[in-house]
Amino acid sequence: MNQIIAQANGMPTAGGIRSWQPNELDLRRIERMLQKRARYLYVVPRVEMTASGYLIQSPCCSRNIDADGGMVDIALLEYDAGLGVWKLFRKEHTEGGWEFFMLERSLQVLMDYINRDTARLFWQ
């Protein structure tokens, strides 16, 4: 029944479960939460919707990843509607791929972790 309603409303489904991600409200929430980050406060990160979540990018001020200071991937947040959890990935820049980092039910908890980033795993 949920799948029929979701399809009628044009909402994507995951295993018949209505998925609310991505959406404009959470996109704006993530943008606001990023203002509380501990690193690179003088740049403006960019958040984009993906098929199942959000991609966070930022200008590379340290020049560690991009010598020209271009946009680099910071984190990928994906919502698994079937499990009801967020999956957080970090960019492995030397290999060029995404590395799974953690699962969490709360988007706020994930964003707090990204914002603190004491080990510099995201904001490199």
Side-chain angles (χ1 to χ4, degrees):
M1 180 67 149
N2 284 344
Q3 186 172 11
I4 295 168
I5 294 169
Q7 288 172 343
N9 290 331
M11 299 295 296
T13 60
I17 298 171
R18 187 173 181 165
S19 177
W20 297 94
Q21 297 298 335
N23 64 65
E24 281 291 322
L25 179 62
D26 282 330
L27 176 76
R28 300 297 172 232
R29 283 181 57 215
I30 292 167
E31 290 173 339
R32 279 192 308 276
M33 286 187 269
L34 282 171
Q35 294 173 0
K36 297 178 182 174
R37 68 190 180 281
R39 300 194 181 282
Y40 305 119
L41 300 176
Y42 39 86
V43 298
V44 179
R46 178 172 58 204
V47 182
E48 296 179 0
M49 288 188 212
T50 66
S52 58
Y54 308 89
L55 171 65
I56 301 172
Q57 297 178 314
S58 179
C60 184
C61 295
S62 68
R63 313 282 190 198
N64 291 335
I65 307 301
D66 184 338
D68 296 327
M71 294 298 278
V72 296
D73 295 331
I74 302 297
L76 181 63
L77 303 164
E78 291 186 345
Y79 186 71
D80 186 320
L83 297 175
V85 296
W86 287 95
K87 297 176 183 179
L88 174 60
F89 297 85
R90 65 177 288 275
K91 186 65 173 232
E92 174 49 58
H93 292 283
T94 56
E95 300 292 323
W98 290 102
E99 179 180 87
F100 173 75
F101 191 73
M102 69 187 292
L103 287 177
E104 178 58 51
R105 291 204 181 274
S106 167
L107 178 60
Q108 180 68 52
V109 171
L110 286 184
M111 292 305 301
D112 288 346
Y113 197 90
I114 292 168
N115 283 340
R116 279 191 313 272
D117 194 22
T118 54
R120 292 188 57 169
L121 296 174
F122 296 93
W123 302 95
Q124 301 175 27

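Scope of the values below: all heavy atoms of this structure, side chains included, with no hydrogens, waters or symmetry mates. If you're wondering where the values come from, they're calculated on a predicted model, not measured in any experiment.
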Pairwise distance CG(L25) to CD1(I30) - rounded to 0.5 angstrom
10.0 Å
List the atom of V44, the atom of P59, and the distance in Å for their closest heavy-atom pair.
O-CD, 3.7 Å
For N115 and L34: C-alpha separation, side-chain torsions, deciding distance, then whether side chain to side chain contact (heavy atoms under 4.5 Å, CB included) applies.
CA-CA 6 Å; N115 283 340; L34 282 171; 3.7 Å; yes
How close do G53 and P22 get, counting heavy atoms only, and between which atoms?
O-CB, 3.5 Å
Parallel, tilted or perpendicular: ring planes of F89 versus F100, cut at 30 and 60 degrees:
perpendicular
Please round to the nearest 0.5 Å and tell me the distance separating atom CE of M49 and atom CG of L27.
4.5 Å
Pairs meeting criterion salt bridge (Lys or Arg N to Asp or Glu O under 4.0 Å) with involvement of residues 85-94, two or more places apart:
D73-K91, D80-K87, R90-E92, R90-E99
Any residue meeting salt bridge (Lys or Arg N to Asp or Glu O under 4.0 Å) with R46, in chain and number order, not counting sequence neighbours:
E48
Within-4.5 Å side-chain heavy-atom neighbours: L88 and L77:
yes
Where R105 and W86 come nearest, the two heavy atoms and their spacing:
O-CD1, 3.6 Å
Only pairs at least two apart or in different chains count here, so list each salt bridge (Lys or Arg N to Asp or Glu O under 4.0 Å) that has a residue in residues 32-43.
none
If hydrophobic clusters are built by linking Ile, Leu, Val, Met, Phe, Trp and Tyr wherever their side-chain heavy atoms come under 4.5 Å apart, do W20 and V109 end up in the same one?
no
Taking only residues two or more places apart in sequence or in another chain, which ones pass ring pair (Phe, Tyr, Trp, His ring centres under 6.0 Å) with F122?
F101
How far does OH of Y40 sit from CG of D117, to the nearest 0.5 angstrom?
9.5 Å
With sequence neighbours left out, what residues match T118 under side chain to side chain donor-acceptor pair (under 3.5 Å)?
none
Using the salt bridge (Lys or Arg N to Asp or Glu O under 4.0 Å) criterion, which residues pair with D26? Sequence neighbours excluded.
R29
Return the CD1 to CG distance between I74 and L121, rounded to the nearest 0.5 Å.
11.5 Å
Measure the spacing between CD of E31 and CZ of R28 and express it to the nearest 0.5 Å.
4.5 Å
What distance separates W123 CH2 from I56 CD1, expressed to the nearest 0.5 Å?
6.5 Å
